[in-house]
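Residue indices begin at 1 and follow the sequence shown.
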Amino acid sequence: MAELLLELYTEEIPAMMQKAVEKGFEDIYNKALSAESIDYTHLKTYIGPRRITLHIDGLQEELEAQNIEIKGPKSTAPDSAIDGFCRSKGIGRDSLVIKGECYFYEKKIEARSLKSVLPKIIVENIGKYVWPKSMYWGDYKVKWVRPLLNILCILDGEILALEYAHLKANNKSFGHRFADYNAFEVKSFADYKEQLHTKHVILDRAERLELISTSIKKLEAKHNIQAFDEPKLLEEVAGLNEHINVLVGEIDKRFLHIPPEALVSSMKTHQKFFPCKDATNGFAPYFIFVSNVPGADNNEIIRGNEKVLSARLADALYFYEQDQKTPLKDRDLSKIVFHANIGTMQDKVGRLIHLAEYFDKGNEDLVRAASLCKSDLVSEMVGEFPELQGIMGDYYAKQEGENKEIALAIRDHYKPMGTDDLPKGLAAKLALIDKIDSLVGLMVAGERATGSKDPFALRRMALGIIRIILAEKLDVNLTAIVDLNYTSFATSSDIKPEIILFIEDRLKNYYKDTYDTQVIRAAIDLSLEDNILITDLKLRFLDEFSKSQSGLELIEVYRRVTNILSDEKFDKIDVTLFNNTHEKNLYNKLLGIIPNVKASIGSSDFSKAFNQILDLKTPLTSFFDNVMVNDNDPIIAQNRKAMLFELSNLFKQIAHFEYL
């Protein structure tokens with residue numbers, strides 16, 4: 001059994017790519033070895049900021065001769081398909097045999113040594129992983145995430161001769177770039193890992209993660225603090241450092257009156273530090289960080305990081321103090337472009353005020369919140385920390401005497417950004433009209449979500465609208481509010497139906513894991529009913545009712561009616577043409593229940609509406625059993641169909657029964 005060690009030594013691999021790369025390379029080489037029928041007992045990838053390492057153990061050294069049967073196209077397939085299969089295998093048609101309905105290619109593979117096949121497998125698969133971003137450098141033709149510097153490749157301690165782009169494999173690796181960068185020779189994986197350890201490199205990403213977590217816990221206990229739970233930051237820090245030395249520093253007290261969110265943002269985003277809470281769950285004047293510099297004096301490292309953080313927080317303090325000199329209401333948003341085709345953020349605020357006045361008449365707090373909600377976008381703090389939009393507006397609003405509801409609405413009106421908490425109360429109403437304005441405006445501007453691409457997050461906006469309405473039980477006439485908002489944009493096209501249809505599509509998607517597809521298709525039609533709360537009630541009722549005996553009977557009534565009708569238009573019913581009691585009875589019953597059904601639909605009492613229509617079952621059965629709808633007299637036939645058409649319209653006012 002043989003052992004393979006491959007190391008791709010490179011410049012800095014972005015930290016947040018590393019976890020996926022680790023699994024990606026394992027999958028690629030597992031598949032590649034299986035395709036060649038090469039057995040092995042262990043395969044694992046290790047990744048860090050400077051290297052990707054593949055270790056395979058228990059490799060089969062001699063590969064036996066094999067007869068492989070490769071299935072091709074059907075024997076009845078077009079010549080182009082058969083010839084294409086032959087070209088892909090580098091064979092002629094005379095090499096194919098027919099078995100059953102298909103062509104097969106029987107390929108004989110001679111016995112081979114592992115050493116003779118591995119170089120090709122390794123080289124062919126190095127570049128198969130698709131990086132989120134990659135680059136060319138120099139005059140080299142290889143594309144990689146960062147410049148590739150060296151390839152170590154040994155099989156049982158001996159260099160495996162292979163070339164990839166400008167590099168030839170060797171048996172050398174490198175230690176920590178700051179502490180022990182000199183090249184060293186490698187004999188085996190165990191030797192490789194041990195030498196890296198002595199040269200201040202922890203190879204295993206999982207080991208680095210565990211060491212950081214354990215070290216943080218020790219510092220928490222020692223200083224009676226608790227680091228913020230930041231899984232993404234933990235992963236990023238583990239990907240930035242080959243050497244792990246976890247330390248704690250203090251924040252200068254003069255910075256502690258800066259909003260905690262700004263302190264946290266500065267530490268996490270810019271410095272990759274872990275913010276901390278105290279025993280009362282308040283913000284603690286400490287930060288935890290990982291040093292990647294071996295052998296240095298810890299006190300010196302701590303002082304250096306404290307100094308760097310203080311310099312950044314001094315900027316934040318200056319920005320914070322400067323911002324407080326200009327009230328939110330006096331901030332000029334006319335220079336911030338919302339979208340080149342529809343104007344500035346100042347224009348958007350004007351539309352939000354208009355929507356607020358319409359949406360909740362007399363709610364002065366909503367109008368006030370709408371007028372101020374974007375003002376912090378031109379603040380110094382948000383300019384430096386864009387992720388604090390809304391949050392800084394909340395602080396400044398409170399400082400300027402706005403009530404808590406208005407301040408909270410400014411903070412939370414961007415929610416939900418994903419699966420995060422939904423806004424509530426006044427914030428929910430502001431978030432709703434903000435998302436409606438953004439969705440309508442961006443679609444007017446020509447933006448669309450196509451396939452997997454949605455650069456302006458239109459789907460997320462539509463889903464946010466739906467979630468807010470349902471969570472807050474907001475009685476919203478979507479067509480009316482979209483119409484009102486639409487008039488604020490100077491456009492000659494009419495895409496209002498497209499906007500409503502887009503929201504409808506998201507609504508169907510929202511319910512796909514809750515209800516059967518046929519129930520969703522039957523119940524959701526925003527052109528028929530644009531109140532999402534009523535649609536939600538209809539869905540719940542229709543789901544239960546369609547499975548009940550009464551529901552099945554009602555569906556059968558609908559089918560009997562619509563099977564007779566065509567797509568033609570019908571005149572008004574002429575009662576003078578009725579010539580038997582069965583059609584007269586059906587008409588009189590229909591005439592009596594129409595206003596009742598409409599009233600029930602208007603009050604969202606779908607159970608009552610369905611049961612009222614179900615009362616037609618007896619006279620309708622009598623009608624079908626005793627009356628020839630397609631009478632020889634076309635005028636009488638049309639009159640009878642007109643009555644059935646009126647009945648089908650009652651169904652359509654409730655739901656699309658054709659899908660049930």
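With Lys496 as the partner, the side chain to side chain contact (heavy atoms under 4.5 Å, CB included) test is satisfied by one option alone out of Thr479, Asp483, Val440: Asp483. A side-chain hydrogen bond (donor to acceptor under 3.5 Å, both in side chains) with Arg177 is found for exactly one of Glu11, Glu12, Glu242, namely Glu12.
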For residues 332-339, which side-chain N or O atoms pair as donor and acceptor with protein atoms under 3.5 Å away, sequence neighbours left out?
residue, atom, partner, partner atom, Å
Asp332, OD1, Ser334, N, 2.9
Asp332, OD1, Ser334, OG, 2.6
Asp332, OD2, Ser334, OG, 3.1
His339, ND1, Asn341, N, 3.0
His339, NE2, Glu447, OE2, 2.7

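Ser310 has its side chain within reach of Phe255: a pair of non-hydrogen atoms, C-beta onward, lies under 4.5 Å apart. A heavy-atom distance below 4.5 Å is not found between the side chains of Leu352 and His413. Using a 4.5 Å cut-off on side-chain heavy atoms (C-beta onward), Val237 and Phe274 make contact. At least one side-chain heavy atom of Glu261 sits less than 4.5 Å from a side-chain heavy atom of Arg411. Between Ile532 and Leu507, the closest side-chain pair of non-hydrogen atoms falls below 4.5 Å. The side-chain heavy atoms of Leu432 and Glu472, taken from C-beta on, include no pair separated by under 4.5 Å. Side-chain contact between Ile251 and Leu309: present, with at least one pair of heavy atoms (C-beta onward) separated by less than 4.5 Å. In this structure the side chain of Asn245 never reaches within 4.5 angstrom of the side chain of Ser215, judged on heavy atoms.
Between the side chains of Tyr286 and Asp278, no donor-acceptor pair of N or O atoms lies under 3.5 Å. Defined by atom type and a distance below 3.5 Å, a donor-acceptor pair is present between the side-chain atoms of Asp347 and Thr344. If you check the side chains of Lys348 and Ser438, you find a donor sitting under 3.5 Å from an acceptor. A donor atom on one side chain and an acceptor atom on the other are not found under 3.5 Å apart for Arg205 and Gln18. In this structure, a donor-acceptor pair under 3.5 Å is absent between the side chains of Tyr396 and Asp376.
Between Tyr140 and Trp137, the two ring planes are perpendicular [angle over 60°; tilted spans 30° to 60°]. Phe657 and Phe610 have perpendicular rings, their planes meeting at more than 60° on a 0 to 90° scale where under 30° would count as parallel. Using cut-offs of 30° and 60° on the angle between ring planes, the pair Trp131 and Trp144 is perpendicular.
Comment: Arg540 does not engage Glu544 in a salt bridge, judged by the lack of any side-chain N to carboxylate O separation of less than 4.0 angstrom. Glu306 has no carboxylate O lying under 4.0 Å from a charged side-chain N of Arg303, or vice versa, which leaves the two without a salt bridge. Ion pairing of Lys329 with Glu402 is absent here, as no side-chain N (NZ or NE/NH1/NH2) approaches a carboxylate O to less than 4.0 Å.
Without hydrogens or angle criteria, Lys435 side chain to Tyr414 main chain gives a donor-acceptor distance under 3.5 Å. One N or O on the side chain of Ser603 and one on the backbone of Ala599 form a donor-acceptor pair closer than 3.5 Å. Judged by distance alone, the side chain of Asp360 and the main-chain N or O of Asn363 form no donor-acceptor pair under 3.5 Å.
The CG atom of Asp412 sits 10.0 Å away from atom CG of Leu430, with the distance rounded to the nearest 0.5 Å. Within the model, atoms CG of Leu542 and NE2 of His656 stand 11.0 Å from one another, a figure rounded to the nearest 0.5 Å. Atom CG in Leu388 sits 11.5 Å away from atom CG in Leu377 (nearest 0.5 Å). Going from atom CD of Glu380 over to atom CD of Gln324 covers 12.5 Å, rounded to the nearest 0.5 Å. Separating the CD atom in Glu236 from the OG1 atom in Thr269 is a distance of 9.0 Å, to the nearest 0.5 Å. Of the inter-residue distances, the one linking Ser266 atom OG with Asp315 atom CG reads 8.5 Å to the nearest 0.5 angstrom.
Environment of CD in Gln653: crowded, with over 12 heavy atoms of neighbouring residues, nucleotides or ligands closer than 6.0 Å.
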After noting the C-alpha distance and the side-chain angles of Leu233 and Lys272, does the key distance pass the side-chain contact (heavy atoms from CB on, under 4.5 Å) rule?
CA-CA 7 Å; Leu233 180 59; Lys272 312 305 177 189; 4.3 Å; yes
Report the C-alpha distance between Arg331 and Asp323 in whole Å, list the side-chain angles of each, state the deciding distance to 0.1 Å, and finish with yes or no for side-chain contact (heavy atoms from CB on, under 4.5 Å).
CA-CA 10 Å; Arg331 294 187 175 274; Asp323 283 343; 3.8 Å; yes
Between Asp530 and Ile500, is a side-chain contact (heavy atoms from CB on, under 4.5 Å) present by the stated rule, with each step listed?
CA-CA 8 Å; Asp530 68 351; Ile500 295 296; 5.7 Å; no
Show, in sequence, the C-alpha distance, side-chain angles and deciding distance for Tyr511 and Asp536, and conclude whether the side chain to side chain donor-acceptor pair (under 3.5 Å) test is met.
CA-CA 9 Å; Tyr511 284 113; Asp536 186 65; 2.5 Å; yes
Go through the steps for Val264 and Phe283 under the test side-chain contact (heavy atoms from CB on, under 4.5 Å), then give the verdict.
CA-CA 9 Å; Val264 169; Phe283 187 83; 3.8 Å; yes
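Shortest non-hydrogen contact noted between Met381 and Ile258 is CE-CG2, 4.3 Å. Between Ala431 and Pro423 the shortest heavy-atom distance is CB-CG, 3.8 Å. The two residues Ala409 and Ala369 make their nearest non-hydrogen contact at CB-CB, 4.1 Å. The two atoms that bring Lys398 and Ala407 nearest to each other are CG-CB, 3.7 Å, heavy atoms only. Contact between Tyr320 and His257 at its shortest, heavy atoms only, is CE2-O, 3.8 Å. When all heavy atoms of Ile495 and Met443 are compared, the pair lying nearest together is CD1-O, 3.3 Å.
Checked against side-chain hydrogen bond (donor to acceptor under 3.5 Å, both in side chains), Arg208 has no partners two or more places apart in sequence or in another chain.
Geometric assessment of Lys277 against the ring of Phe228 yields a positive cation-pi assignment under the 6.0 Å and 45° thresholds.
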